[in-house]
Amino acid sequence: FAALSQINGDELNYLSPKKYTIGAIDIQGVENYDHDAIRVISGLTVGKEVSVPGEEFSRAIKNIWSQDLFSNVEVGYTQIDEVNEEIFVYIKLTGRPKLSKFKFEGVKKGEADKIREIIDLRSGDVITEPLVKNTEKLVRGFFQEKGYLRANVNIEEKMDTSVFNARSFNIKVDKGERIKIDHINIVGNETVDLSHYESFFKRKIVAFGVSDKGIRKSMKDTKQKGILRIFSRSKFNQTAYDRDKRLIIEKFNAIGLRDMEIVTDSIYDIDEKHIGITIKINQGAKYYFGDVSWVGNTKYRSGVLDTLLGIRKGDVYDKARLEQRLFMSADNSDITSIYMDKGYLFFTVTPVEINISENNQINYEIRISEGKEARYGEIRIMGNTKTNDHVIRRELRTKPGDLFSRADIIRTQRELSQLGYFDNEQFQINPIPNPADGTVDIEYTVVEKSSDQIELSGGYGGGYLIGTLGLTFTNFSTKNFFKKEAWSPLPSGDGQRLSLRGQTYGVGYQSYNLSFTEPWLGGKKPISLTTFMTHSNILQEVDTDAANDLKIGVTSVGVGVGSRLKWPDDFFSVYSELNYTYYDLKNASSRFVFASGYSNDISLNFTIARNSIDSPIYPRGGSNFKLFTKSTIPYSKFDGVTDYSTYTQQELYKYAEYFKIKFTGEWYLPVSKNKKLVLVPKFGFGFMGGYSSSKGNTPFQRFYLGGNGLSNSVNYDGREQITLRGYDVTNGLSTSTGDPLIAKYSLELRYPISLNPSATIYLLSFVEAGNTYTNFKTFNPFNVKRSAGVGARVYLPMFGMLGVDLGWGFDPISADRLGASELNTNILGNGYSFGIFPVIGVSLGDL
Amino acid sequence: CSDFNKVMKSEDQVFKKKRAIEYYETKQYENSAAVLEDIIPYFKLSADGEKLYYYYCMSNYYLDDYYLASYYFRRFINQYPSSVHAEECQFLSAICSVNNSPDYSLDQTETLNALDQLQIFIDMHPKSSLIDSCNKIMDKLNYKIETKQFESAKLYYKTENYKAALTAFEIHLADFPGTRYREETMYLLVKSSYLLAINSIESKKMKRFNETTKTYRKFVSQFPNSKYVKELSVLNKKVEKIINGQNS
């Protein structure tokens with residue numbers, strides 16, 4: 001605007017600006033831009049009344065400048081016509097060059113592609129000083145991140161004559177050497193007195209933690225070079241280094257050295273490829289907890305709070321521990337949680353240091369403000385772009401009008417995550433307190449993820465390659481089935497489960513499976529209704545004569561009703577199912593006692609279960625117990641026949657008659673501090689029997705132990721295949737026609753590599769033992785076949801759980817067992833077998 | 001297709017511009033959107049800049065990509081506030097959000113967005129011929145939001161959480177005093193109140209029955225001709241009998 005006051009040499013009086021009408025606006029210097037557009041942007045129009053001097057002109061400069069298209073903007077006037085009170089304005093612009101293209105020098109092609117993504121340069125970008133500097137900085141940062149600490153980046157601008165006022169960039173990079181940290185020196189670290197720790201191991205662990213070695217270990221991203229350093233390279237990154245320094249201080253603070261400080265630290269060059277770091281520390285004096293007094297508590301007595309706090313006078317001072325006990329502990333037994341679970345949402349607690357007595361004991365006064373008890377107001381659900389409100393709302397434990405409880409919210413989070421429709425990591429709960437009326441609104445924000453699964457697998461079993469195609473839609477909606485717009489790709493959002501599965505290896509074996517579950521029948525109570533249908537056909541050519549072929553057909557339909565219970569606690573659920581199965585056999589003596597004929601199996605089963613596991617994919621707490629009973633009508637009790645010895649097999653098995661009981665349990669016990677390493681003990685017992693000793697047991701539904709229970713034809717011929725890794729199916733542990741008793745125990749140790757919901761990966765090692773028994777006389781829960789091994793699991797949302805185990809079986813297999821004649825003599829005699837067991841699905845069998 | 005690839009690979013911006021306009025005018029919106037995205041930065045502030053940007057917005061709109069279209073409409077209005085298309089774009093930007101607004105049982109962020117956009121349109125173009133349709137659309141959207149809250153409250157009633165239902169119905173009446181569900185809400189309030197009382201422990205029963213008659217009287221005074229009156233009066237008589245029995 002300076003230009004305005006100079007031209008014509010007129011004196012402009014800032015105190016009494018004059019009004020003029022704009023007569024014309026002349027745009028100068030930029031022929032390639034639309035002049036009208038620039039006039040519009042400037043806000044100055046011909047005929048507009050402006051004051052001189054006045055803010056219209058400065059605003060015009062600002063408006064044009066903000067377009068980032070010009071390197072110089074000048075607004076002034078050429079002439080003032082005092083008679084007509086007209087002013088003739090000019091706008092003089094210098095266009096900024098535009099970027100036409102850019103290329104890299106001194107960079108590999110792969111690196112160039114990655115850098116392109118980071119710097120986001122486009123042809124047509126206006127070249128400004130910040131653009132150049134910023135690009136240089138980003139490229140340099142890219143290489144520094146990779147360890148090229150002294151990378152040099154320089155952008156050369158070149159005229160591009162093909163386009164008007166354009167430049168091309170030549171981004172020159174001199175990476176230099178990749179620089180490693182040769183060593184990290186710790187200076188001034190004295191031996192800490194740890195005599196007050198009672199446990200020897202604790203003393204050793206703490207002593208290591210604050211030793212020079214321990215300090216280096218606690219620096220997460222700044223490591224000195226070493227032979228075994230494969231995963232985290234010893235590169236230097238300033239931000240990571242600053243973060244690591246804070247970690248060191250925290251480590252000392254945790255053992256009462258709260259005056260500890262890093263006095264100086266220096267980074268120095270050793271040679272072209274190496275730098276060294278020296279950190280000088282001062283431990284300072286050691287502190288202890290002193291007296292703790294409580295102020296403002298009415299709900300709980302001070303003694304109770306002392307116990308909850310769990311800090312005794314003389315304990316080593318650790319601020320993190322105090323805060324954890326007051327605000328947030330892993331097991332939710334901290335003071336804040338205790339209050340929060342009883343409705344005291346407005347509860348606050350402030351620890352105040354009163355003084356430091358002799359022996360460096362810090363005395364605390366903990367001030368509590370309990371506030372009013374809060375009740376839930378409106379509960380809102382957001383982010384559900386697929387799943388209907390009611391499907392989510394019916395799972396929420398926070399109900400309007402109830403007392404606020406943090407435990408409710410945590411439980412709700414757990415249960416919503418078990419629906420499997422939402423991304424656990426992005427789940428948000430936002431309480432909005434209204435202190436005026438003592439209510440709190442809760443906002444649940446969910447992020448939908450795809451929970452449908454496709455199972456497409458090829459498995460090798462029984463000498464065949466078996467293909468499986470399965471589709472599971474976990475959030476189906478039958479209500480929207482006939483709405484055209486809902487098919488994108490499938491009608492969804494009502495939380496129903498639809499599963500289709502087919503399996504075959506050709507003519508010899510086919511199996512089809514269809515099931516549908518509505519979790520809230522009628523929408524009133526969490527009573528689920530499941531209907532299913534399965535059909536499988538097995539055909540085996542025994543010799544050239546077709547009459548001798550083995551044929552097994554099994555068709556099954558059923559309907560089941562399940563419900564969650566509120567008593568004894570709300571982790572319990574029950575499920576009951578009515579099932580009809582029809583068996584059609586021909587020459588099946590190699591698999592059942594019953595060779596040819598048909599059998600009707602009408603059964604009713606009942607399951608009571610308690611499931612408190614905290615996450616379906618990688619549980620880190622809770623347990624799961626299940627008692628399953630299944631029974632047919634005891635026909636033999638009504639037909640008046642006591643001796644069935646004259647009956648043919650067909651007459652005997654026309655109506656299957658049996659009962660079955662299974663009891664299983666598993667625990668998830670976190671054993672490491674971060675709850676990542678999890679120990680999983682499991683047990684399972686099964687038993688089945690008949691109602692008449694003369695009639696005997698049914699040939700179907702019996703237990704078979706061994707293998708991985710996967711992709712094998714024997715799964716669908718009316719038997720129950722239970723896995724025992726280390727022993728395979730064909731060399732299984734049960735008699736060829738199955739056994740009525742089973743016992744199995746296993747112990748797994750799991751460690752996650754990735755808990756990312758889009759690919760959960762964990763490693764496991766296991767020891768297992770199990771056996772099946774032909775009757776109660778031979779039943780001995782300690783007579784088991786043992787195995788051990790290691791494995792890995794990958795959970796991909798689209799495909800479900802996939803994995804593989806390597807198992808070693810230790811014990812010899814009895815000579816009368818399944819397929820014994822084909823057995824490797826080693827397993828029979830010495831008891832040693834080895835197998836690889838692919839896994840699909842979350843659980844390994846039902847036991 | 002190969003022709004399109006040739007256009008995309010061309011370095012001649014003027015040629016690309018010509019083809020982009022041709023694509024747009026022959027309704028090949030997928031092609032026009034792709035080419036325009038490429039050349040818009042180049043023609044920024046040129047004579048054709050405004051037209052190209054407008055075509056780009058409309059291409060996305062015709063491709064039913066309402067999220068993208070809405071975003072670019074708003075940017076267009078910011079950049080060319082005095083354009084002849086400004087009014088149309090402001091309106092279409094709101095319509096994009098309206099089209100994105102899902103069923104009431106799903107997340108309503110887009111519905112609220114649409115309401116905001118329409119209000120901005122009304123404020124900025126009070127004389128527009130589109131005001132009437134704006135008002136109609138806003139009415140529909142508001143109804144959706146009302147329905148969402150009412151149905152949430154009703155779910156508590158349906159799942160027999162009567163205490164939660166009571167609170168939620170009361171919140172609904174407070175949030176939407178003119179709700180179109182007023183009659184049904186108040187009817188369900190009486191019923192929830194009754195069902196809560198009858199399922200309560202003895203010590204709380206009387207207080208809650210008294211509440212029930214209070215809500216009943218409120219209902220009758222507001223909706224004397226309601227179809228629910230008959231059912232509720234029977235229910236109220238029952239309650240009064242219990243209260244009187246207790247008092248005598």
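Letters go in sequence order (proteins before strands), and every chain restarts at 1.
Taking OG1 of A:Thr385 as the start and CG of B:Asn100 as the end, the distance is 11.5 Å to the nearest 0.5 Å. Note: B:Leu155 CG to A:Asn388 CG = 11.0 Å, rounded to the nearest 0.5 Å. In this structure, the separation between CD on A:Gln67 and CD on B:Gln79 is 6.5 Å, given to the nearest 0.5 Å. Rounded to the nearest 0.5 Å, atoms NZ (B:Lys163) and OH (A:Tyr376) are 11.5 Å apart. Taking CD of B:Gln149 as the reference point, atom CD of A:Glu378 lies at 4.5 Å (rounded to 0.5 Å).
In A:Lys449, the NZ atom is crowded: over 12 heavy atoms of neighbouring residues, nucleotides or ligands sit closer than 6.0 Å. Remark: A:Arg116 CZ is packed, more than 12 non-hydrogen atoms of other residues, nucleotides or ligands lying under 6.0 Å away. Within 6.0 Å of NZ on B:Lys205 lie more than 12 heavy atoms contributed by other residues, nucleotides or ligands. Residue-environment remark: CD (B:Glu160) exceeds the threshold of 12 foreign heavy atoms within 6.0 Å.
With a 4.5 Å cut-off on non-hydrogen atoms, A:Lys524 touches chain B through its backbone and its side chain both. Only the backbone of B:Tyr104 comes within less than 4.5 Å of a heavy atom in chain A; its side chain stays farther off. At a 4.5 Å heavy-atom cutoff, the contact between A:Thr387 and chain B is made by backbone atoms alone. Only the side chain of A:Arg375 comes within contact range of chain B, with at least one heavy atom under 4.5 Å from a heavy atom of that chain. Residue A:Leu69 touches chain B through its side chain alone, counting heavy-atom pairs closer than 4.5 Å. Residue B:Ser152 touches chain A through both its backbone and its side chain, counting heavy-atom pairs closer than 4.5 Å.
Although no hydrogens or angles enter the test, the distance criterion places a donor-acceptor pair under 3.5 Å between the side chain of A:Asn384 and the main chain of B:Asp107.
Across every non-hydrogen atom of B:Ser82 and A:Val40, the tightest pair is OG-CG1, 3.6 Å. Taking all atoms of both residues into account, the shortest heavy-atom contact from A:Thr398 to B:Tyr156 is O-OH, 4.3 Å.
Residue with the most contacts toward chain A among B:Thr167, B:Leu106, B:Asp48: B:Leu106 (heavy-atom pairs, distance under 4.5 Å). Contact tally against chain B (heavy-atom pairs below 4.5 Å) for A:Gly401, A:Gly493, A:Ala37, A:Gly522: the top residue is A:Gly401.
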Chi angles and distances behind the side-chain contact (heavy atoms from CB on, under 4.5 Å) call for B:Lys148, A:Asp389: CA-CA 9 Å; B:Lys148 186 183 182 73; A:Asp389 276 352; 2.7 Å; yes

